[in-house]
J.: 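First the structure, then my questions, so here it is.
Labels below follow one simple rule: chain letters A, B, ... track the order of the sequence lines, proteins then strands, and each chain is numbered from 1.
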Amino acid sequence: MPTPERKFRLYDTMTREVKEIVPTEPGHLRFYSCGPTVYSYAHIGNFRTFLTGDLVVRTAQALGWRVSYVSNITDVGHLTSEDQDGGEDRMEKGLKSKEGEKFLNVWDLADYYADCFKADWHRLNLRTPLVWPRATQHMREQILAVEKLIESGNAYETPTGVYFDVDSFKDYGKLSGNRDRDNLYQGVRDVVQDDNKRHPSDFALWKKDDKHLMQWFSPWGWGFPGWHIECSVMAMQYLGETIDLHAGGEDLVFPHHECEIAQSECLTHHTFANHWMHTRFLQVDGEKMSKSLGNFYTVRDLVEGKGADPLALRYALISVPYGKPLNFTMQTLRDATKNVERYRECERLAREALGHAEDEDRIGDELDALYHQALDAMCEDLNTSVALAKALEGTGAIFREGASMSASSARSALGYLGKIGELLGIVRLTEDGEAPEAARSDEPPAMLVEKVAQRQAAKAAKEFALADALRVEVEAAGWEIRDTPTGPQLRRKVEVVG
RNA sequence: GGCGCCGUACCCAAGUGGUUAAGGGAAGGGUCUGCAAAACCCUCAUUCAGCGGUUCGAAUCCGCUCGGCGCCUCCA
C-alpha cells in the first residue's frame, strides 16, 4: 500500500502558528529536547514534556524519517538568581535534603538520579535518544563558547562572572514576546539586582565561585557555567549550527530558550532552531502540581506505590494534546488502565488465533485505514486524543472478529497492534515464545494456581458454591480468574488505588 | 504591569464556519457464561458558560460578562 504524502505539522512558538516541519536535510530530523536537572526523581509533569518529544520522534519515524534525537541531562546546579549568595543551588539542595543524605557528594547524587530518570524513561516506553549528553561532560566546549562570546563583544567579565550582554543581540525577546525588557521587572516577583551587570536582563554565562560543590577551572578562575550555555553547546555539537526542532516545557520559553537563542545565534550568525515547541504544564486535581499541595507524583510513586501500569500512565499522560493543559487525576489513570488492558486482551485473542485456518482476512483493510487515520492525527500537531480514539477503534474490529478469527485476520490484528505500539507506545507486543506481558512481570504463586485447579475440579463436579468460594479466595489475594474457551486464566487484578 | 490558555454530556475529551457534535470512562438495558470477568449489541448533549454581534449558515469569527488556569530568571 503506497504511503500517502503527509506533512508533519506542529505549532511553532516562534511564529505562533501551526506549521510544517521541514528538515534541513530531507527525511532527517535533527531534534533537541531539553531534559531534566537530576537533583531528584523526575515527576509526571516532567514526563509529559518528555513524552511530547517521544511522540515527535515516533511520528517522524512513522513517516519514514531518520531522527537524530538529543535530550540532555543537566547535572550542574545553577544559581540563576543573579546575586552573590542568596540563591540556592538545586543540586546542593538535593544533597542536603533527606533523600540526599545517602550520597557521598553531588556527583554521586547526579549519577543516581540520572539512572533513575533513564529507568523511568524506559518504563514509560520512551524511545532512547541518540545521546543523553550531560552538562558536566561538556565543560570544555562551554568554556570555549563563553570565550568566543567575549571575543565577539557579546559578553563581558565582572568580579562575579561572565555575563551575556543582552543589548548586543537585537532579537532578544523574539521567542517569548518579552521584548520590552524594562517591563519584565514590573512583575510581582522580587528581582535581585546585581550592580556588576550592565543591564538587569543580562544573564550569566559563567559564575565565579571557588566554594561551589561543583567547580571547574576556567580563564576566569574557579567556577561553573551558567544554566543556558550547556544546551546551546550540546545541541550544536551533536546536531549542527541549525537544528530543525527544539522542544521543552512551557516554562523554558523564557528565559531559558530565549537565552539559548541569543548565545547560539551570536556564536554562529545562523538561526539556532527552525521550529520551537513547548509542552503545557500538567495539573493534578485541577491545580498546579506541587509538593506543598500534596498532589506531587513521580513515576515511581504511581507505579510502585499505587500499582499503576506504566503503559497506562503513559496513556494517561498523552491522552490530551501537549498544547493544552492536562488535568491528571486518579480517574484519568483508571480510564487509561481500561484501555491499555483492552489492547492486551486483543493481543491474547489474536495470538490464540494464529493456529487457525488461513481463510480470508476480514479486518486488514479496516485496520490499515484506522492506523493511517491515527497517523494523520499525529501529523496534525500531535493530536493524541484523536490518534488514541482511532487506534482504539481498531480493537473493536479485532474483538468483533472474536476468538474464531482466521489466522490471516489474526496476523493483520497483530500487525496493527505492532504499528500502533510503534506510533503511540501504548502497546508492547510480546516477543515470539515469550510469555504474555501480564504474566511476564509476575508469575502467579503456586498456591493460587492450585486453587484454580481445585476450582476447575469443583466446577466439573458442579459444586458451584465451592468453586465460587475458591474464586473469592483468589481474588482476595489480588488475582482474578477468567474462564475462557481454552481454560481458566489467572491474571493479576489491575486496580489503581486512588 | 506583560505574555497566554481554557469553559462541550455524570467524568475525561475531539471538533475551531456548513452532512447525524469523535472517542474513552461511568451508568442503564440486552446477548454470551453454572456464576463472574472479558467481549459484543443498544441507550446516554436538538446542544457546546452567559449575553449581544457578524454571516445564507457559528460550539467554531468579533465584542462584552461570568468562571477557572498557566508563564514572566527555582521549575518540564
J.: Measuring only the C1' atom in each nucleotide, how far is B:C42 from B:C56? A whole number of Å is fine.
T.: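 Looking at atom C1' only, B:C42 and B:C56 are 38 Å apart.
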J.: At under 4.0 Å between heavy atoms, what does A:R471 touch on the DNA or RNA strands: base, sugar-phosphate, or nothing?
T.: base
J.: Hey, are A:D309 and A:T337 close enough side-chain-wise for a donor-acceptor pair under 3.5 Å?
T.: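 Distance-only check fails for A:T337 and A:D309.
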J.: Does A:R127 count as lying over the ring of A:Y69, i.e. NZ or CZ under 6.0 Å from the six-ring centre, within 45 degrees of the axis?
T.: no
J.: Quick one: on RNA chain B, does A:L282 or A:Q331 contact a more 5' nucleotide (nearest heavy atom)?
T.: A:Q331
J.: Counting side-chain heavy atoms from CB outward, which of B:A38, B:G24, B:A76 is closest to A:R482?
T.: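 Closest nucleotide among those given: B:A38.
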J.: Would you measure the distance from the P atom in B:C66 across to the matching atom in B:G50 and give it in whole Å?
T.: 16 Å
J.: Which part of the nucleic acid, if any, lies within reach of A:G45 when heavy atoms closer than 4.0 Å are counted: base, sugar-phosphate only, or nothing?
T.: base
J.: Counting side-chain heavy atoms from C-beta on, which of B:A14, B:C35, B:A76 comes nearest to A:Y39?
T.: B:A76
J.: Looking only at the side chain of A:W227 (C-beta and beyond, no hydrogens), which of the listed nucleotides B:C75, B:C35, B:A76 gets closest?
T.: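 That would be B:C75.
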J.: Where the side chain of A:K288 is defined as all heavy atoms beyond and including C-beta, which of B:C75, B:A36, B:G15 is the nearest nucleotide?
T.: B:C75
J.: Paired with B:U43 by Watson-Crick or G-U wobble geometry, both distances under 3.5 Å: which nucleotide is it?
T.: B:A27
J.: In whole Å, I'd like the distance from the CE atom of A:M91 to the P atom of B:C74.
T.: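 Atom-to-atom, A:M91 to B:C74, this comes out as 18 Å.
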J.: Heavy atoms only, 4.0 Å cut-off, all strands: where does A:H43 land among base, sugar-phosphate and nothing?
T.: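 Base contact - A:H43 has a heavy atom under 4.0 Å of at least one base atom.
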J.: Which nucleotide, if any, forms a Watson-Crick or G-U wobble pair with B:A58, using both distances under 3.5 Å?
T.: none
J.: Under a 3.5 Å cut-off for both distances, is B:U16 Watson-Crick or wobble paired, and to whom?
T.: none
J.: Could you measure between the two P atoms, the one in B:G18 and the one in B:G57, and give it in whole Å?
T.: 14 Å
J.: What nucleotide among B:A39, B:U16, B:C3 has an atom nearest to a side-chain atom of A:R16?
T.: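 Of the candidates, B:C3 comes closest.
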J.: Does the side chain of A:I261 come within less than 4.5 Å of A:W276's, by heavy atoms?
T.: yes
J.: Output the rounded distance in Å from OH (A:Y297) to P (B:C75).
T.: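 Spelled out: OH on A:Y297 to P on B:C75 is 24 Å.
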J.: Is it the case that the ring center of A:Y163 lies less than 6.0 angstrom away from the ring center of A:F203?
T.: no
J.: Side chain of A:K338, heavy atoms from C-beta onward: which of B:C40, B:A38, B:G23 has the nearest atom to it?
T.: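 The closest nucleotide is B:A38.
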J.: Would you kindly give the CG-to-P distance between A:L317 and B:A13, to the nearest whole Å?
T.: 14 Å
J.: Nearest to the side chain of A:E480, heavy atoms from C-beta on, is which of B:G34, B:A37, B:A22?
T.: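 Of B:G34, B:A37, B:A22, B:A37 is nearest to the side chain of A:E480.
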J.: Given atom CG of A:L175 and atom C1' of B:C71, what is their separation to the nearest angstrom?
T.: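 Answer to the nearest Å: 13 Å.
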J.: Mind calculating the distance between NE2 (A:H256) and C1' (B:C71) to the nearest angstrom?
T.: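 After rounding, the reported distance stands at 16 Å.
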J.: Look through every strand shown and name the nucleotide pairing with B:U33 as Watson-Crick or G-U wobble, where both distances are under 3.5 Å.
T.: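 B:U33 is paired with nothing.
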J.: Taking the six-membered ring for Trp, are A:F50 and A:F117 closer than 6.0 Å centroid to centroid?
T.: yes
J.: Closest-nucleotide mapping onto RNA chain B: is A:P325 or A:R400 further toward the 5' terminus? I mean the 5' end.
T.: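 So the residue in question is A:P325.
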J.: In this structure, how many angstroms lie between the C1' atom of B:G25 and the CG atom of A:L388, rounded?
T.: 14 Å
J.: For A:F117 and B:A76, what is the distance between atoms CZ and P respectively, to the nearest whole Å?
T.: 10 Å
J.: Could you check which of B:A76, B:G25, B:C35 has an atom nearest any side-chain atom of A:N339?
T.: B:G25
J.: Considering only side-chain heavy atoms of A:N383, which listed nucleotide, B:A14, B:G34, B:A39, is closest?
T.: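 Out of B:A14, B:G34, B:A39, the nucleotide with an atom closest to A:N383's side chain is B:A14.
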J.: Quick one: look up who B:G67 pairs with, Watson-Crick or G-U, both distances under 3.5 Å, and put none if it's unpaired.
T.: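 Base-paired to B:C6.
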J.: Measure from CG on A:L370 to P on B:G24 and round the result to the nearest Å.
T.: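 Going from A:L370 (CG) to B:G24 (P), I get 12 Å.
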J.: Establish whether the base of B:C5 is bridged to the side chain of A:R280 by a donor-acceptor pair shorter than 3.5 Å.
T.: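 Per atom types, no contact qualifies.
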J.: Between B:A9 and B:G2, how far is it from one C1' atom to the other, in whole Å?
T.: 38 Å
J.: Kindly say whether A:D285 contributes a backbone atom to a donor-acceptor pair with the side chain of A:N327 at under 3.5 angstrom?
T.: yes
J.: Could you work out which one of B:C35, B:G70, B:A39 sits closest to the side chain of A:F281?
T.: B:G70
J.: Report yes if a side-chain nitrogen or oxygen of A:K324 is closer than 4.0 Å to either non-bridging phosphate oxygen (OP1 or OP2) of B:G70; otherwise report no.
T.: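 For B:G70, neither OP1 nor OP2 has a side-chain N or O of A:K324 closer than 4.0 Å.
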J.: Using the C1' atom on both, measure B:C6 against B:U16 and round to a whole Å.
T.: 14 Å
J.: Determine whether the aromatic ring of A:F464 stacks with the base of B:G34, defined as ring centroids separated by less than 5.5 Å and ring planes inclined by less than 30°.
T.: yes
J.: Could you tell me whether the side chains of A:D368 and A:Y416 share a donor-acceptor contact shorter than 3.5 Å?
T.: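 Distance-only check fails for A:D368 and A:Y416.
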J.: Indicate, yes or no, whether a donor-acceptor pair under 3.5 Å links the base of B:C72 to the side chain of A:D251.
T.: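 No such pair is found, so the answer is no.
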J.: Any base atoms under 4.0 Å from A:E287, or only sugar-phosphate, or nothing? Heavy atoms, all strands.
T.: nothing
J.: For nucleotides B:A14 and B:A22, find the distance between their C1' atoms and express it as a whole number of Å.
T.: 6 Å
J.: side-chain contact (heavy atoms from CB on, under 4.5 Å) between A:V146 and A:Q263: does it pass, once the steps are laid out?
T.: CA-CA 9 Å; A:V146 175; A:Q263 297 161 345; over 6 Å; no
